[in-house]
Protein chains: 2
Amino acid sequence: MVEGRRHTLRDIAATLDLSVNTVSRALSGKDGIGARTRALVRAEAERVGYVPNTLARSLVLGSAMTFGLVITNPSNPFYAQLISGIELRARAHGYSLLLAVTDESEEIEARAAESLLRSSVSGAIVVPVQGKVDPWRRLGGVGVPTVLINRDLPDLGYPFVGTDNALGAYQATAHAIARGARSIVVLEEDLPITTIEDRIAGFRRAMAEADLPVPRGSVISVPTRRYEEAALPWQPEQAYRVARRLLRRPALPDAVVVGNDYFALGLYRALHEHGLKVPGDMMVIGFGDYPFSEFLSPSLTTVRLPAQEVGSTAVDLLLEQIESPDAEPRKQLIAPTLVTRESTGPAIPRSRIPLT
Amino acid sequence: MVEGRRHTLRDIAATLDLSVNTVSRALSGKDGIGARTRALVRAEAERVGYVPNTLARSLVLGSAMTFGLVITNPSNPFYAQLISGIELRARAHGYSLLLAVTDESEEIEARAAESLLRSSVSGAIVVPVQGKVDPWRRLGGVGVPTVLINRDLPDLGYPFVGTDNALGAYQATAHAIARGARSIVVLEEDLPITTIEDRIAGFRRAMAEADLPVPRGSVISVPTRRYEEAALPWQPEQAYRVARRLLRRPALPDAVVVGNDYFALGLYRALHEHGLKVPGDMMVIGFGDYPFSEFLSPSLTTVRLPAQEVGSTAVDLLLEQIESPDAEPRKQLIAPTLVTRESTGPAIPRSRIPLT
DNA sequence: GTGAAAGCGCTAACAG
DNA sequence: CTGTTAGCGCTTTCAC
């Protein structure tokens, strides 16, 4: 097919005895060129296996037809799906993806932002570590459209897509209540992000609407860790430990709403070890609907997050922002769906008298 | 910090009344420049928030300090970890990552290869769809070092890292045999890739060494699907269906070795529905040691694949190839580890007489 | 329709 | 030590 050096417009121009310019126009489909010439050029380009040099093109155009994608951790199934969704939609519009993994580190995040800047990306899609806004303000400041995913940085006023975490947690909690739970506990990661605040708010709202108390100790933090172990079952493990402590309490909750489905796994194990049955002794509601959750026993009731949709929406918002930079940045919350499975019913938790 | 347009070397040169060249050298740390001048330039660059333009730099250098990463499906936990591993190591060496997702499509793969070529990547790390070698031969042909991951394309003679699938399957099978299994079945994806051939070979070897027969129907194909559903629990679901059929056989195997831990999930469900106990009625051995596998009940005995290590090794091989293009391309198989858990013991399958 | 010239921002080669 | 010149491969004026 091809070997050796890459051919350039100039090569083609030389062999065809045309100007570089003509060849460029012929190939780029612009008009103002003879049909014959165009065919000729196309044929020659085909023959030598011409591959345009994006670098050169981008340099003159000032932008690289590339999106930066900054993600905290691909081993989180939500982000894995997100990557797929974004990649698909971006590629459909002709953009490549420059990927950076921050692992919740502000330092890595800052470097990633800088790197995107150097690379003249056409835009950035970011799951911010959420702590520093500077790196992203800077990026936006020099005119790189940026959309935030999952965790908003309201100060920036950038476009944003996320799932409605408050709603998700509300649904989860309300469902547990409807199934007879009166005392409910929440397990969340200990990250200082709006995601988690929102969920806790949703939980509280559901409890309040049902006139149920939320005593101290109803919201439990699960410590998390950094990248090196991200690959490992660190999250279930940590949740397991926290759950074991929880199960030593004198009064156990009827239901536990957890921050992600990995936590549900850890909780399952702790409950199993204590000989407690799900949902009979305790209901469990997950968050995320990871690929395995449907297949656990008992299968896990969980809040399904539309990761693909979040991803493709992010790309759409970015394209909007690129096409009309002065348009009002849109913020979009995508509603999650509660998926009801065995872990919340139909059994009635023991603290309630059977109703039927 | 900065606002408006990006500053260039020329801007700095102008305000400092120096030549562009001098500024370039001052900033790039080359020698042959006065300490005073250098400090001056550095200070000014800092002041205006100078960000080098990688595009321009890459154009003249002919390579973009970027690796192309081509992956079939990020929702596979193995690849998710792989991405992390590669990203980390690549970034440590100053390379960015251009990501492409092929979802096992030869067509997308071909486009991805083309795209990397246009982008003048310094190298490529590829999980090939395995069917066509052309796209990668072309890439290598024009001098882009390429390393293959997980699925080798021996015709190309490129560097390769993967896990020793034959060994993994051998270990899994031998373990089941050691635990008393005599009749063993394998469930694998129906992809035409060496990965799977190797595993089946490993399985056969273990069986042969134990003088156990491998009747027809011992290797079962699980149909798979494309990207759109990759995010969804498609693999457990398909394995579940296949497993249901398996369980209708007159004689059930003592153990099932599956191609990935998702399959084990599907199998678990089918067994559960049939009232069969793991490992008592049937042992299950997974492949991959996904983050959830340790936390299933029963916890899953599985072949752990060192995804991170495969990833970082891939980067190392690529760097080797970049530094010494004429060196013999290395092929490296990383040994997986069998992780023994509840799903294979200590109970004895019913077809065997208890030994102790 | 096509060509010539200029320039994107940077680095490399060679002067001075 | 520093400046000048040239050029990476492409697109965009602007002539002809």
Side-chain angles (χ1 to χ4, degrees), chain A residues 2 4-42 44-45 48-66 94 117-122 142-143, chain B residues 2 4-42 44-45 48-66 94 117-122 142-143:
Chain A
V2 192
R5 216 185 86 272
R6 271 168 66 168
H7 293 260
T8 70
L9 288 188
R10 190 161 48 165
D11 298 334
I12 299 180
T15 68
L16 254 42
D17 204 30
L18 288 170
S19 80
V20 174
N21 183 336
T22 306
V23 176
S24 167
R25 278 189 321 231
L27 256 26
S28 61
K30 292 241 171 53
D31 48 59
I33 195 152
R36 254 185 64 81
T37 320
R38 165 161 294 157
L40 224 62
V41 172
R42 290 242 162 111
E44 174 64 9
V48 301
Y50 170 72
V51 176
N53 185 329
T54 305
L55 252 30
R57 180 163 207 282
S58 302
L59 180 58
V60 23
L61 263 30
S63 146
M65 284 302 279
T66 293
L117 207 49
R118 290 172 187 245
S119 309
S120 308
V121 293
S122 322
V142 296
Chain B
V2 192
R5 216 185 86 268
R6 272 168 66 166
H7 294 260
T8 70
L9 288 188
R10 190 161 49 167
D11 298 334
I12 299 180
T15 69
L16 256 41
D17 204 31
L18 287 169
S19 79
V20 173
N21 184 327
T22 305
V23 175
S24 167
R25 275 186 325 227
L27 256 27
S28 60
K30 293 241 169 55
D31 49 59
I33 196 154
R36 255 184 62 81
T37 321
R38 165 161 294 158
L40 224 61
V41 172
R42 291 241 162 111
E44 175 64 10
V48 301
Y50 170 72
V51 177
N53 185 330
T54 305
L55 253 29
R57 181 165 206 280
S58 302
L59 180 58
V60 26
L61 262 31
S63 147
M65 284 302 278
T66 293
L117 206 49
R118 291 171 187 246
S119 307
S120 310
V121 294
S122 323
V142 296

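By convention in this document, chain letters (A, B, ...) are assigned in the order of the sequence lines, proteins followed by strands, and residues within each chain are numbered from 1.
Taking atom CG of A:Asp11 as the reference point, atom P of D:dG9 lies 8 Å away to the nearest angstrom. In this structure, A:Arg10 atom CZ and D:dG7 atom P are separated by 8 Å, rounded to whole Å. Here the P atom of nucleotide D:dG9 and the CG atom of B:Leu117 are 14 Å apart, to the nearest Å.
Using a 4.0 Å cutoff to heavy atoms of chain B, the contacted part of DNA chain C runs 5' to 3' from C:dC8 to C:dA13.
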inquiry  = Before you tell me yes or no, could you show the steps for A:Glu44 and A:Leu40 under side chain to side chain contact (heavy atoms under 4.5 Å, CB included), namely the whole-Å CA-CA distance, both residues' side-chain angles and the distance that decides it to 0.1 Å?
reply    = CA-CA 6 Å; A:Glu44 174 64 9; A:Leu40 224 62; over 6 Å; no
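The backbone N or O of B:Ala26 lies less than 3.5 Å from a partner atom in the side chain of B:Arg42, making a donor-acceptor pair. Of the possible polar contacts, one joining the B:Ser28 side chain to the B:Ser24 backbone as a donor-acceptor pair under 3.5 Å is found. With hydrogens and angles ignored, the 3.5 Å screen pairs no side-chain donor or acceptor of B:Thr22 with any backbone N or O of B:Leu18. The backbone N or O of A:Ala35 sits nowhere less than 3.5 Å from a side-chain atom of A:Thr37 that would complete a donor-acceptor pair. Listed for the B:Ser119 side chain is no donor-acceptor partner under 3.5 Å among the backbone atoms of B:Val121.
Note on B:Ser19: a side-chain N or O is less than 4.0 Å away from OP1 or OP2 of D:dG3. Phosphate contact (OP1/OP2 of D:dC10, side-chain N/O of A:Tyr50, threshold under 4.0 Å): present.
Listed nucleotides D:dG7, D:dT11, D:dG3 differ in distance to A:Leu9; the shortest reach to its side chain belongs to D:dT11.
Residues that satisfy the salt bridge (charged side-chain N to carboxylate O under 4.0 Å, His left out) test with B:Arg25, not counting sequence neighbours, are absent from this structure. Remark: B:Ser63 pairs with B:Ser122 by the side-chain hydrogen bond (donor to acceptor under 3.5 Å, both in side chains) rule, at least two apart or across chains. When the salt bridge (charged side-chain N to carboxylate O under 4.0 Å, His left out) test is applied to A:Arg118, the partners found at least two apart in sequence or on another chain are A:Glu114.
No hydrogens or angles were tested; on distance alone, nothing pairs the side chain of B:Asn21 with the base of D:dT5 as donor and acceptor under 3.5 Å.
DNA chain D is contacted by both B:Val60 and B:Thr22; B:Thr22 maps to the nucleotide lying nearer its 5′ end (nearest heavy atom per residue).
The structure places CG of B:Leu9 at 9.5 Å from CG of B:Asn53, a figure rounded to the nearest 0.5 Å. Taken from CG in A:Asp11 to CG in A:Leu16, the straight-line distance is 11.5 Å, to the nearest 0.5 Å.
Summary of helix geometry: the two end axes of the helix from C:dG1-D:dC16 to C:dG16-D:dC1, each defined by five base pairs via their C1' atoms, are inclined to each other by 40° (rounded to 10°).
B:Leu55 comes within 4.0 angstrom of no nucleic acid atom, judged by non-hydrogen atoms across all strands.
Contacts between residues 25-41 of chain A and DNA chain D, counted as heavy-atom distances below 4.0 Å, involve A:Lys30.
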